[in-house]
Amino acid sequence: MTTSVAVIVDAAAYARAVEDAVKASAAYYTGGTSVLDDDAYDRLVRGIAAWEAEHPDGIVPDSPTGKVAGGAVEGDVPHTVAMLSLDNVFSAEEFTAWTASLARRIGHDVERFGVEPKLDGLAVAARYTEGRLTRLITRGDGTAGEDVSHAIGTIEGLPAELAEPVTVEVRGEVLMTTVQFEHANEVRTAHGGQPFANPRNAAAGTLRARERAYTVPMTFFGYGLLALPATDAEFAGRLGELAHSELMARAAGLGVHTTAGTAVPGVTAGTAEDVLGRVKEIATLRAELPFGIDGIVIKADLAADQRAAGSGSRAPRWAIAYKLPAVEKITRLLEVQWNVGRTGIIAPRGVLEPVEIDGSTITYATLHNPADITRRGLRLGDHVMVHRAGDVIPRVEAPVAHLRTGDEQPIVFPEVCPRCGSGIDTGEQRWRCENGRNCHLVASLSYAVGRDQLDVEGLGHTRVVQLVDAGLVADLADLFALTREQLLGLERMGETSTDNLLAALDTARGRPLSRVLCALGVRGTGRSMSRRIARHFATMDHIRAADAEAIQRVEGIGTEKAPSIVAELAELAPLIDRLVAAGVNMTEPGATPPAPATETEAETGAETGESPAPDAGPLAGMTVVVTGAMTGVLEKLSRNQMNELIERAGGRSSSSVSKKTSLVVAGENAGSKRAKAEALGLRLADPDEFATLVAGFLD
Ligand code: IVH
């Protein structure tokens, strides 16, 4: 969390700091990319404020501390009531101090707080005249904003017509969800434009753009509802008396999108401790939200408390923003490495000038694929925006084009596989070594014999390297042909280790089809997809006989994935044949093959796209998520084994908690998933309760 302050030593440094801050905030409000990331901006403004506190006579008029940033432009539409900004706190202590000072000001504790996410977009005022959306205005400098009515119709959640013919102003945030942002950048770069650095920039740029050859959707979240001069006086009077939470319910009732339907709805809280509890919950859910938030806004809920607190020129005294650590920083892209994965995919990875994001030092970030690098126009030495939220792998979002010095160099794409020198299949977005999974044989074999696949005990990474180096193993099937003599001939392989390894390989021959399929490493099918395919088809013969249409009946396989799975299985056919010959099991215990589609079904498509009826069992029809460490009889089960157990008991396993989750098994030290389950009011079970529930299905 940022609490540090930029140190300003003299008036000249102060003037420079103000200039930098003004530039950065102008970029922020107009959709340009600031040279400062949010953290750096906050630090600078704090430094400016500190200097001003010591030198009150030296304050310059355009200091970011004294006015609402943005700057009004001629032709702007005046706001009927100023659109204020918010003051910030950065810690629980600062928040508690704020509640205390607010209580002193109004003469009593705040009756009730509203707690809601601080949406990371830009503020707009939407004017409705007798229920019809007539005007859309940006915040501008707070007293007047730019008319952006041309954007009406491109913003989801801001209906053209309200449910009642009232004259009101709805205030809220326009942003792009992650999906909208990706779409916007795709469309923009396809039209020859530079990609936006982040969703916030994209929303700001898109909202203000007038003559574009294309439109891209954005999303609105309302957080304020007020009367306009033309509002019916009695209605205006009633609105003025409503608590913030009541106004939000009213807005939602009128058809305006609010946070109500999201994983982080606005709630009310009675005490500062309750508020802080909710702040934690929202912070935990942040990484998984489909839109960006940069903090939590806490408001005195009652109109009377708000009136008593009043407002300063910049921000209301009855509300505060509790800022969360930034998830984005600007740093430099130093190098691009091309790594070959176990299936032969050649993936670019950016080496960064180390940068701290939310407490971790980031030195690498994914660059997705070559087409993506080209689309983003990245160059070596570029300043880039890096995004990292939660445990997700950090990613490079976009270059900060105006920080270019001219010394940046093009990123060179490999012409041959950087690992084995074979040709590269560039036919798909993700490039692949023509040698496929034989290129990085050690990686593909280590994966195949790993705990969640064939689980061959005693066959660790070093041993795999040894076998490959000795030329004994060139693919997965070779493992099952190893002889006692061959193994004994290896260094550090005694009689006991040899016999143990042969026994372990023999055990591995009997693993269920789902494990064998997963070991093959078909692209796009991990552990859970392999289980679904194996349960659906029951035997390898049925899987191999399936065409793209048939394979699409497996839940989660769409039109894109199906043909590539079919193609890859065909590619793997010789290997599968040799595995069969080596005695490897190719059936899934307990599963029955699908009945061939009848003609009527095939004609009407009645059953197409559906997975077979869920198996009977205590978890039939349920989606179950496991989180935290298991205890009791479940203690030794890996996450994969827990998921296998769930599926044996008729359920569906999932790794992410959502409204659709039926049960969350929360073990020791369960973190964000448990918090999310609680926030969503889902059913929770501890490992012992769950073990009882599925008792008949434990191995
Ligand atoms: S209330 C008078 N509520 O944050 C109260 N603002 O840093 C001012 N924002 O200008 C606005 N989410 O653009 C409010 N739930 C929320 C918000 C929110 C995001 C933005 C808004 C405001 C800025 C202040």
Side-chain angles (χ1 to χ4, degrees), residues 1-2 33-41 120 176-179 181-186 188-189 194-202 286-294 324-343 345-405 407-414 418-419 429-432 440 443 672:
M1 177 134 313
T2 306
T33 310
S34 165
V35 294
L36 302 175
D37 50 46
D38 287 0
D39 258 7
Y41 180 78
D120 196 9
M176 278 194 194
T177 62
T178 315
V179 171
F181 168 59
E182 270 152 27
H183 171 70
N185 266 352
E186 257 166 47
R188 184 171 163 86
T189 48
Q194 272 283 329
F196 287 114
N198 58 29
R200 203 189 163 283
N201 270 293
R286 180 191 196 187
E288 291 174 47
L289 293 176
F291 48 84
I293 66 170
D294 58 344
L324 291 175
V327 289
E328 273 177 337
K329 284 276 180 75
I330 296 172
T331 187
R332 285 182 67 224
L333 176 64
L334 303 177
E335 190 193 332
V336 175
Q337 298 175 340
W338 298 85
N339 297 323
V340 185
R342 64 181 163 81
T343 61
I345 296 286
I346 304 170
R349 176 169 87 154
V351 182
L352 308 172
E353 207 166 81
V355 61
E356 196 190 302
I357 307 184
D358 191 8
S360 312
T361 304
I362 309 298
T363 25
Y364 299 103
T366 175
L367 288 167
H368 307 284
N369 56 60
D372 202 68
I373 292 177
T374 308
R375 208 178 311 125
R376 287 168 208 256
L378 284 165
R379 296 172 75 87
L380 288 181
D382 257 339
H383 283 85
V384 290
M385 188 68 94
V386 179
H387 181 101
R388 172 189 168 264
D391 300 330
V392 182
I393 300 171
R395 59 172 193 266
V396 170
E397 300 246 275
V400 185
H402 65 266
L403 286 182
R404 288 213 167 125
T405 60
D407 291 339
E408 293 76 15
Q409 299 298 318
I411 293 172
V412 181
F413 293 174
R419 200 182 163 81
Q429 285 231 328
R430 290 163 52 151
W431 288 8
R432 191 179 185 215
H440 200 346
S672 64

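Numbers here simply count residues along the sequence, with the first being 1.
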Handout entry: Contact summary for L36 and I330, nearest pair of heavy atoms
Key =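 Closest approach of L36 to I330: C-CD1, 4.2 Å.
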Measure the shortest side-chain to side-chain distance between [X] and [Y] over non-hydrogen atoms and say whether it is less than 4.5 angstrom.
{"X": "V396", "Y": "L367", "answer": "yes"}
{"X": "V355", "Y": "T361", "answer": "no"}
{"X": "L352", "Y": "L334", "answer": "no"}

Practice task
Would you please classify the geometry between the W431 ring and the W338 ring as parallel, tilted or perpendicular, with 30° and 60° separating the classes?
Solution key: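 Plane angle under 30°, so parallel.
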Electrostatic pair [X]-[Y], nearest N-O below 4.0 angstrom:
{"X": "R379", "Y": "D382", "result": "no"}
{"X": "K329", "Y": "D37", "result": "no"}
{"X": "R286", "Y": "E288", "result": "no"}

Go through the side-chain N and O atoms of [X] and [Y] and say whether any donor and acceptor fall under 3.5 Å apart.
{"X": "E408", "Y": "T405", "answer": "yes"}
{"X": "S360", "Y": "R388", "answer": "yes"}
{"X": "D372", "Y": "N369", "answer": "no"}

Handout entry: D38 side-chain N/O to A326 backbone N/O, donor-acceptor pair under 3.5 Å
Key =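 It does not hold such a pair.
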